Asker: 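First the structure, which I've put down as structure tokens, then a few questions once you've had a look.
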Amino acid sequence: MALSKRKRAEYFRYSQYTLLAVIAVVIAFLADWEQIRTAFFNFKTMGEMFPNVITIALKNTLIYTALGFAFGLGLGLVLALMKLSSIAPYRWIATVYIEFFRGIPALLVFIGLAFGVPLAFQIQFDIYSTVMLALGIVGAAYMAETIRAGIQAVPKGQVEAARSLGMSQGRAMITIVIPQAFRIILPPLTNELILLTKDSSLIYIIGLARDQYELTKFGRETLSRSPSLTPILVVGLCYLIITLPLGYLSRYLERRSGGKKVSVL
Amino acid sequence: MSEISVEITGLKKSFGSLDVLKGIDVTVNRGDVVCIIGPSGSGKSTLLRCVNLLEEPNDGKIVVNGVELTDPDVDIDKARTKIGMVFQSFNLFAHLNVLANLTVAQRKVLKRGEKEAQEIALRNLDRVGLKEKANSMPAQLSGGQQQRVAIARALSMDPDVMLFDEPTSALDPELVGDVLGVMRQLADEGMTMLVVTHEMQFAREVADKVIFMDGGYIVEEGPAAEVIGNPQEPRTQEFLARVLDPTHQGPKD
């Protein structure tokens, strides 16, 4: 007997629910709950991690990310403008920069900046400068493309109106185009911020003093003195404290901008 | 005794291999309203956009109020402050409210103080009947209101001549009248205006001169009553027949 199309869709949906339920039950039976409890939920370790996980690690992660994001945003804007420049060498430089730093792991940039540059140029950065430069250099490569797309998404008529009022090319860019571009790219920029938050964990490579620890380093440090994996769970949750609101913010901004899509290629 | 405001001689413009303007001569006297009509693709918008150099001419000479815009050494930004432009798609600055739309160029380009710029802006908003919308965002306005704000924005720079590029073509029919009303009032006040339009009624009643363009050339020009009321050239006759009587298909009898 042939089922109606609607009936078939209904049965298909039920079968999927059943499948998911079966998988959940199997996992629940296979897991060693006692082991999980002792490995991840050692309350003593949790207690020991506070308040430093917040007052030092979370705070430092926020500071490092903010520094890197601010520098990256500025450099990214410069790169985006270079990429749109009528002067060909500017475009080449920007393209090479973006392709290079987007294509290598951020960890390599950290190592290069922390050890390579001081060696080559006989300069010593302090911790904040290193983080700001390293995170910024990587972030700028990603943000440049986003900003370029945003600038190009501003309707051409806006520039024409500005120019016909006597504004120069540069004035029109600063006063009319860039403010509108940033409104358009606010959602994707929030995503870049989330990525940078996580990349800030790479700073451990340059060697940190205790009060310079960020979340991941702090978690690993605690882990080495801990009988369980609890520190990993705690710092993981701390990252989510930062990134979940940013994710919500991004989606909120996306909805508010009325679905104005920016293609970032 | 009339002074010349806009003088265009031998203007040529091509996009790639496409010749859009093939040698245009236009003279606009101070205080005159000149309407440019013609089928789409005839080059009339390009001609208008050349008058403030939004399009760079390939050849020819454009002089506006004694300043030769086609001179390579001209300060085009300065020259443009004296040439108001109104676009088909309004092009209000989307991130600024109405008042800021009217003051931003006054402040940044003419370096007027905030108070002076706002006074001028409000006076011009009043002229177009939208003083109460000073704090609205462009997106909150109807198309007709946006276009009137765009006109007020151009007027706030105290231009010597105003260019209108199909200012009512993007509007709902019931909003066209408001914009044309503002333009008519401007014309009555003696503003020099160069208007690309499909509004034959407006052209007929307001224009001192009508130019009919087709295929990159000026086919016919003269007083509105003659060009629109009694066209001599077959192409003008054909165009006007289609525009004035759009439902009439094919030749009469």
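Chain A is the first sequence line, chain B the second, and so forth, proteins listed ahead of strands; every chain is numbered from 1. Since we're looking at a predicted model, the values are computed, not measured.
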Asker: I need the contact set between residues 123-130 of chain A and chain B: heavy-atom distance under 4.5 Å, sorted by residue number.
Answerer: none
Asker: Can you find a side-chain donor-acceptor pair between A:Ser164 and B:Asn52 that sits under 3.5 Å?
Answerer: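 Per modelled atom types, A:Ser164 and B:Asn52 side chains form no pair under 3.5 Å.
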Asker: Examine whether an atom of B:Leu54 lies under 4.5 Å from a heavy atom of chain A, and if so say whether it belongs to the side chain, the backbone or both; otherwise answer neither.
Answerer: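 B:Leu54 touches chain A through side-chain heavy atoms alone.
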Asker: May I ask you to decide whether B:Arg123 forms a salt bridge with B:Asp126, counting only side-chain N to carboxylate O separations under 4.0 Å?
Answerer: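 No, B:Arg123 and B:Asp126 are not salt-bridged.
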Asker: Suppose we call two aromatic rings close when their centres sit under 6.0 Å apart. Are A:Tyr97 and A:Phe101 close by that rule?
Answerer: yes
Asker: Would you mind checking if B:Lys13 and B:Asp19 are paired as a salt bridge, meaning a charged N to carboxylate O distance below 4.0 Å?
Answerer: no
Asker: Testing the basics here: between A:Ser250 and A:Thr190, what is the closest heavy-atom pair and its distance to 0.1 Å?
Answerer: CB-CB, 3.7 Å
Asker: Please tell me if the side chains of B:Gln145 and B:Phe90 come closer than 4.5 Å, counting only heavy atoms from C-beta onward.
Answerer: no
Asker: With distance as the sole criterion, is a donor-acceptor pair present between the side chains of A:Tyr239 and A:Thr61 under 3.5 Å?
Answerer: no
Asker: For B:Arg153, which atoms come within 4.5 Å of any heavy atom of chain A: side chain, backbone, both, or neither?
Answerer: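 Both the backbone and the side chain of B:Arg153 come within 4.5 Å of chain A.
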Asker: Quick check on B:Phe87 against chain A: is it the side chain, the backbone, both or neither that has a heavy atom closer than 4.5 Å?
Answerer: side chain
Asker: So which part of A:Arg171 gets closer than 4.5 Å to some heavy atom of chain B, the side chain, the backbone, both or neither?
Answerer: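 Just its side chain gets close to chain B.
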Asker: If I measure from the heavy atoms of chain A, does B:Leu92 come under 4.5 Å with its side chain, its backbone, both, or neither?
Answerer: backbone
Asker: Not counting sequence neighbours, which residues clear side-chain hydrogen bond (donor to acceptor under 3.5 Å, both in side chains) with B:Glu119? List them please.
Answerer: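 For B:Glu119, no residue satisfies side-chain hydrogen bond (donor to acceptor under 3.5 Å, both in side chains) once neighbours in sequence are set aside.
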